[in-house]
Number of protein chains: 2
Amino acid sequence: MILKSQVEWALHCCAILSGLPEGRYLSTKALAELHGLPKEYLSKALQSLSQAGLVHTTLGPSGGYRLAKPAAEVTFLDIIEAVEGNGRTFVCNNIRANNPCRPEGYCEVGSCAIARVMWEADEAWRTKLRSVTLAELGQVLESEIPPQIWNGTFEWVLDRAG
Amino acid sequence: MILKSQVEWALHCCAILSGLPEGRYLSTKALAELHGLPKEYLSKALQSLSQAGLVHTTLGPSGGYRLAKPAAEVTFLDIIEAVEGNGRTFVCNNIRANNPCRPEGYCEVGSCAIARVMWEADEAWRTKLRSVTLAELGQVLESEIPPQIWNGTFEWVLDRAG
DNA sequence: GATAATAAGGATACCATATATCCTTATTAT
DNA sequence: ATAATAAGGATATATGGTATCCTTATTATC
């Protein structure tokens, strides 16, 4: 059970976009080049972010993407669900209903106890991811990445941002 | 990102095994019939449980499976990891290393901040699943399932247990 | 001792999905 | 008018989950 690599891509792209000055846009091409990713396929992930309303786009030359909301209002979970969907990791197929000892026509009331535990674990996962915003990520990155690389990267980015 | 259905199967099978009297064994055939599952494929999941040391097996007629430990010492996470593996849901491909602005030969120190957040979420998921044992599940099931069905099921099971 | 039922596991096939590429269309800055 | 962009449809490939079949070793029962 592994998340799509598009999730990783989307998170890194959003991290970059959150450092973009107001009103500027960054293209798929630049984001792909910056991360060493296939442009066409990365485009699908960015489209997912757009459809989820997390980023805003413009067309034409100098077009691209910017965050649609302040970085403090975009969580990891928002981004992950935009790309991966918001389904649960555990799907209950209600196999208890196959029990041959059940009376004919017996109908389950309530959810399966096993599924409930699994869904609580899913919710713990979500809760953690909902608690971290792009703004917080940006602070950590800025404190961890050597200033030379950090600044150099944003020079590179602004050079290409419309 | 969905867990294999074998995880669901293994959890339900372990729930049944945890209600089995000391020294009795239940076969793949009975477990498959009880849950309406393909016997041969369910067998793979049970083999995973066996390889993980969660269940003990015997061969020959009247052979089958029993828990290898008290139900209070077997957690949801034990069972899930036996079937699904213990890998993380987020794989970090270190795409930050593709940044063209990095100095030649620059080597990352420490893990990626994005990966760390994802792994903390994974750990929250694990922590929840590690906190629930088969013994606790058994108590919930016994309190929720109508006594007629609960008892009928274990009559059915004991009828087939070696 | 013969028989039958079982777990273990290898081989194979099928199918859904993730990954990846290519192409067309509409939009828009230059 | 031109060129660069996002959006998205179509298609191909790789991987992994699902499922079945078969063989082997073990062992309870007759």
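Values below: all heavy atoms of this structure, side chains included; hydrogens, waters and symmetry mates excluded.
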**Fill in**
Per the under-4.0 Å heavy-atom filter, residues of residues 155-162 of chain A near DNA chain C come out as none

**Asked** Distance only, no hydrogens: is a donor on one side chain within 3.5 Å (strictly under) of an acceptor on the other, for R96(B) and N98(B)?
**Response** no

**Prompt:** For T58(B) and dT6(C), is the shortest distance between a side-chain N/O and OP1 or OP2 below 4.0 Å?
**Reply:** no

**Asked** Looking at E81(B) and R126(B), does any basic side-chain N land under 4.0 Å from a carboxylate oxygen?
**Response** yes

**Prompt:** Nearest to the side chain of L59(B) - dT27(D), dT28(C), dA29(C)?
**Reply:** dT27(D)

**Prompt:** If you check every side-chain atom of Y41(A), which of dA6(D), dA18(C), dA19(D) has the closest atom?
**Reply:** dA18(C)

**Request:** Look at the rings of W119(B) and F90(B) and say which category their plane angle falls in: under 30° parallel, 30 to 60° tilted, over 60° perpendicular.
**Result:** perpendicular

**Prompt:** Taking NZ from K4(B) and C1' from dT15(D), how many angstroms apart are they, rounded to a whole number?
**Reply:** 13 Å

**Asked** Of all the base pairs, Watson-Crick or G-U under 3.5 Å, which form stems of three or more consecutive pairs involving DNA chain C?
**Response** C:1-30 with D:1-30

**Option passing side-chain contact (heavy atoms from CB on, under 4.5 Å) with L46(A) (candidates V55(A), L17(A), L31(A), V83(A))** = L31(A)

**Prompt:** Are any of the side-chain nitrogens in R130(A) or E123(A) under 4.0 Å away from the carboxylate oxygens of its partner?
**Reply:** yes

**Prompt:** OP1, OP2 of dA8(C) versus side-chain N and O of Q51(B): anything below 4.0 Å?
**Reply:** no

**Prompt:** Under 4.0 angstrom, heavy atoms only, what part of the nucleic acid is S43(B) near: base, sugar-phosphate, or nothing?
**Reply:** nothing

**Message:** Between P on dG17(D) and CD on Q6(B), what's the gap in Å once rounded to a whole number?
**Reply:** 9 Å

**Request:** Return the value, rounded to whole Å, for the distance between atom CG of L46(A) and atom P of dA20(C).
**Result:** 15 Å

**Item:** salt_bridge(R102(A), E108(A)) N-O dist < 4.0 Å
**Value:** yes

**Message:** side chain to side chain contact (heavy atoms under 4.5 Å, CB included) for H12(A) and C112(B)? Distances and angles first, verdict last.
**Reply:** CA-CA 10 Å; H12(A) 278 275; C112(B) 173; 3.7 Å; yes

**Q139(A) side chain to S143(A) side chain, donor-acceptor N/O pair below 3.5 angstrom** = no

**Request:** Check each of L67(B), T75(B), L11(B) against L134(B) using the side-chain contact (heavy atoms from CB on, under 4.5 Å) test, and report the only one that passes.
**Result:** L67(B)

**Message:** Between N99(B) and T153(A), is there a side-chain donor-acceptor contact under 3.5 Å, judged purely by atom types and distance?
**Reply:** yes

**Whole angstrom value for the distance that separates C1' of dT6(C) from NE2 of H56(B)** = 14 Å

**Message:** It should be established whether S5(B) places a side-chain nitrogen or oxygen under 4.0 Å from OP1 or OP2 of nucleotide dT18(D).
**Reply:** yes

**Whole-Å distance separating the CZ atom of R66(A) from the C1' atom of dA6(D)** = 15 Å

**Item:** Nearest-nucleotide 5' precedence on DNA chain D, W9(B) against T28(A)
**Value:** T28(A)

**Message:** Both E40(A) and E84(B) contact DNA chain D. Taking the nearest nucleotide for each, which residue is further toward the 5' end?
**Reply:** E40(A)

**Prompt:** Looking only at side-chain N and O atoms, does S50(A) come under 4.0 Å of OP1 or OP2 in dA7(D)?
**Reply:** yes

**Message:** Please pick, from dA7(D), dT20(D), dT5(D), the nucleotide with the shortest atom-to-atom distance to any side-chain atom of K29(A).
**Reply:** dT5(D)

**Between dA25(D) (P) and Q47(B) (CD): distance, integer Å** = 16 Å

**Asked** Between G60(B) and G60(A), which has a closest nucleotide on DNA chain C that is more 5'?
**Response** G60(B)

**Message:** Measure CD/E8(B) against P/dG17(D) and give the value in whole Å, please.
**Reply:** 16 Å

**Exercise: identify the closest heavy-atom pair between L20(B) and F154(B)** = N-CE2, 4.3 Å

**Prompt:** For the side chain of K44(A) and the base of dG9(D), is some donor closer than 3.5 Å to an acceptor across the two?
**Reply:** yes

**Prompt:** Taking atom P of dA7(C) as reference, at what distance in whole Å does atom CG of L49(B) sit?
**Reply:** 13 Å

**Message:** Applying a 4.0 Å non-hydrogen cut-off, can you work out what G63(A) is touching in the nucleic acid: base, sugar-phosphate, or nothing?
**Reply:** sugar-phosphate

